[in-house]
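In what follows, a structure is listed as structure tokens, so that the remarks can point back to it.
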Amino acid sequence: MLQLPEELRHVLKISACLGSSIKLRAFDILAPELNVDLRDLLRQVVEKGYMLRAPGERIQFAHDKVQEAAYEMQTDTEKKTNHLNFGLILCLSVIDGDEDELFFLSMSQLNRGDMSSLPTPKRTMIAALNHKAGCRAWELSDFPTALSMHQQGIANLPDDHWSSEYDLSRKLHLSAVEASCSLNNIEVTKELAQVVVRNTRNQDDKLKVSFIASKCLLQCDQLDESREVSSAILKQMNEREPRQFINPLVAISLIKMKFRLEKMTNEQVLSMKLSKNQDRDKFLLDVYISLVAVMQQSKSSDRRRFPDLGLRMMEITLSNGLTPASGMAFTVLSAVFASAGKADLAYKLAKIALRLSDKFDSNRYRGRASLGLGGFVAWAKEPLRACAEIHLAGKQFADRCGDMVTSFSNQQFYIMYLFCCGTDLEKLQPLLKKQIERAMKREQHFASVSAYGVYWASQFLRGQHDEEHPHDLPSWNDLVFKQERGDSNGTWVVLSYQYIQSFLLTKEFRGFPSEGFLNQVLSSNAPLVVLTITGIFFEGIVSFCRALSSHNRDGYKEGVAVLAFLKKWAGINRQTFENKYMLLEAMVSEFEDDKAEGLYIRAIDLARKGQFIHEEGMAHELLGDYMFRRNIKPRAFRCYSEAMRCYRDWNAMAVVERLQRDIEVKFGSSAPMDT
């Protein structure tokens, strides 16, 4: 390379500064200012094999080593000077256009240049350009670039920037806080937020950065700290502390609100006046939304405040008028009414929330409204597969606006619904692995317990728990230990899987909470989700199994309580819950009358009709147990064989192997073999 003519070495140096793969238009912009025919020189270095033509009017180095050698032909001073000059030339040409790639290239060149020689006004101008580039990166959901651009802009400001360049300093710091929060970088978020609080002249800015910090704390699973910050914000805005549901005033207010909302038509809601103080009311509702998420994941005493949070959000909306965040008031209150069995009203409110997000054309709130509708309401009315599709759409809405937490949560509910539907476990694996890798890559703690839990449950059911797993993935024992230490919503997920494994894999029916899973859930007043209900269903199965095997009266009582719980939901959503209710009804009838066989057969038919292959298998297996206890062994044989077929279709091979072992113990060499 050193033997090349000077002009060819020059074009290689220029190219090395710009990157490994460069649009030819960048050279066209630089050429007049450098007074060089760069196109002709590029043609020559391509002919000599140093560079290659690439699709899309681009050129690239033939190898990374070639670029490194060309770059190192320059001194450090030359590199910084070239970066600065190239950045200024490119930026002046593309700043007002829509060529994002070249604009980001120009900014990266400027930021790698030597700013020390520039006068303060020019450095301030570059700081403003960094803010523009950071905001554009944010719009494209490129949060690392957004944070980098904003931080570089802050670095380019003069020492007295909070006095001499207050507006620009404020914009850069607020934008940097948002970007660092989206990256779950709690340390940078706190540091930047503290700088704003110390220097801003605006009380609203202090509240805003405090709120961003609370969101970041939530995403990093620091729930107590997030709750403290959000509560402090509400106090500063003269809002009262959310009350627990045991407060009779909350129950009375809920009843009044229920009657009021039942009388309102969709059109009346959608035609409501707009709030006269849009910014304040939207911000206040956003703080409440964050607090809702915290309390969902927190201890029982906090979850009991959930209904009052929904009430207050609705009071703000109905009293003050609509904002883009008003749909979330309908979303939160719909979850409260759904858990109380008011499915029709809940469904109406959740649908209104979606329509309000459409009214304000907000993908951010569309994604959140979809999360609320699918996760906490639709399961009471729609088939589970339809609920899964709601979350798939919600993820797409959230992705469009860069709301990674809502995107992750929608995807997690989507996977959870597929699991609860009995989707082929083998086909779930790519989705599961991608989700947990996403959780670990972004240090995504919020809802991560659910992601890890369903991953391990599927691995155990498939019999693949010994295979190689992603590095640093929390083990199943880690999740169980966390569940034993607390009672957050995430640990309920783990407890649900423990009940599932107890029946399907281990047949060990001891070691569960003495107060019962159902009692824990109902006493919390937290919104119900489908996996929690699935866990309660399996608690009923396990309780009756314990009672049948050891005549345990407590097990019978727990099973009957679950039966009564599912009876209500079977009456509301037959297509999802009737087969589950019928299976428990068959089990309880073994204690009371001789109708069990017909009820088991009915449960099998309903599970098959609903395409719940795993629950069809469970019903076959329990019918086989019933027949075996009555010494009707040929019939038991056939039932167990049908159960193995269903479990095999589910790709739960560990369950197939467990049942095969059970059959061999019961029938010896005459057992049907797994083929």
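Note that the coordinates shown come from a computational prediction; the quantities given were computed from them, not determined experimentally. These values consider heavy atoms only, across backbone and side chains, with no hydrogens, waters or symmetry-generated copies.
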Does any N or O in the side chain of [X] come within less than 3.5 Å of the main-chain N or O of [Y], such that one atom is a donor and the other an acceptor?
X    : Y    : result
R243 : P307 : no
S148 : P144 : no
S226 : Q222 : no
W379 : N573 : no
S319 : I316 : no
H614 : C420 : yes
N579 : L606 : no
T200 : V197 : no
S290 : D286 : no
R364 : T406 : no

Report task. Answer with yes or no whether the side chains of Y288 and S230 bring together a donor and an acceptor at under 3.5 Å. Result -> no
Requested in this report: Report yes or no: do Q435 and Q411 form a side-chain donor-acceptor pair below 3.5 Å?
Outcome: no
For [X] against [Y], the heavy-atom pair lying closest together:
X    : Y    : answer
G453 : Y497 : C-CE1, 3.3 Å
L192 : A176 : CD1-CB, 3.6 Å
V229 : S210 : CG1-O, 3.2 Å
L354 : A369 : CD2-CB, 3.8 Å
V269 : L322 : O-CD1, 3.7 Å
K359 : L270 : NZ-O, 3.0 Å

More than 12 heavy atoms of other groups within 6.0 Å of [X] [atom1]:
X    : atom1 : result
R400 : CZ    : yes
K568 : NZ    : yes
E191 : CD    : no
K348 : NZ    : yes

Query raised in the report: Which residues pass the side chain to side chain contact (heavy atoms under 4.5 Å, CB included) test with P324, sequence neighbours left out?
Result: Q278, K282, F360, Y365
**Report entry** By side chain to side chain contact (heavy atoms under 4.5 Å, CB included) - contacts of A137 (at least two apart)
**Finding:** F104, D142, T145, A146
Could you check if a side-chain atom of [X] sits within less than 4.5 angstrom of a side-chain atom of [Y], using non-hydrogen atoms only?
X    : Y    : value
I533 : L566 : yes
W569 : I536 : no
W138 : H150 : no
F306 : V292 : yes
S214 : E228 : no
L333 : M314 : yes
R385 : Q611 : yes
Q244 : V250 : no

Does [X] pair with [Y] as a salt bridge, N-O distance under 4.0 Å?
X    : Y    : value
R312 : E315 : yes
K208 : D279 : no
R227 : E241 : yes
K258 : E262 : yes

About how many Å separate [atom2] of [Y] and [atom1] of [X], when rounded to the nearest 0.5 Å?
X    : Y    : atom1 : atom2 : value
C421 : M416 : SG    : CE    : 12.0 Å
L218 : L223 : CG    : CG    : 6.5 Å
R170 : D167 : CZ    : CG    : 7.5 Å
M328 : L285 : CE    : CG    : 9.5 Å
L432 : E437 : CG    : CD    : 11.0 Å
S175 : M149 : OG    : CE    : 13.5 Å

Report task. Apply side-chain contact (heavy atoms from CB on, under 4.5 Å) to the pair E558 and L518, showing each step before the final yes or no. Result -> CA-CA 8 Å; E558 290 171 6; L518 174 62; over 6 Å; no
Query - salt bridge (charged side-chain N to carboxylate O under 4.0 Å, His left out) against D399, all qualifying residues, sequence neighbours excluded - result: K395
**Report entry** Stepwise salt bridge (Lys or Arg N to Asp or Glu O under 4.0 Å) check, R366 with D403
**Finding:** CA-CA 11 Å; R366 284 189 187 106; D403 186 349; over 6 Å; no
Query - ring-ring contact (aromatic ring centres under 6.0 Å, His included) partners of Y417, counting only residues at least two apart - result: H391
Query raised in the report: Should V377 and K351 be marked as a side-chain contact (heavy atoms from CB on, under 4.5 Å) after you check the CA-CA gap, both sets of side-chain angles, and the distance that decides it?
Result: CA-CA 10 Å; V377 177; K351 285 288 192 178; over 6 Å; no
Query raised in the report: Do the two ring centres, one from F376 and one from F413, sit under 6.0 Å apart?
Result: yes
Query raised in the report: Do M272 and L318 pass the side-chain contact (heavy atoms from CB on, under 4.5 Å) test, and can you show the C-alpha distance, the side-chain angles, and the key distance before you say yes or no?
Result: CA-CA 8 Å; M272 282 173 54; L318 297 181; 4.1 Å; yes
Query raised in the report: Which side-chain hydrogen bond (donor to acceptor under 3.5 Å, both in side chains) pairs, counting each pair once, include a residue from residues 335-347, with sequence neighbours left out?
Result: D344-K381, Y347-E382
Query raised in the report: Which pairs, with at least one residue in residues 258-286 and sequence neighbours excluded, count as a ring-ring contact (aromatic ring centres under 6.0 Å, His included)?
Result: F211-F283
**Report entry** Pair N410-F397, side-chain contact (heavy atoms from CB on, under 4.5 Å): steps then yes or no
**Finding:** CA-CA 10 Å; N410 269 302; F397 289 136; over 6 Å; no
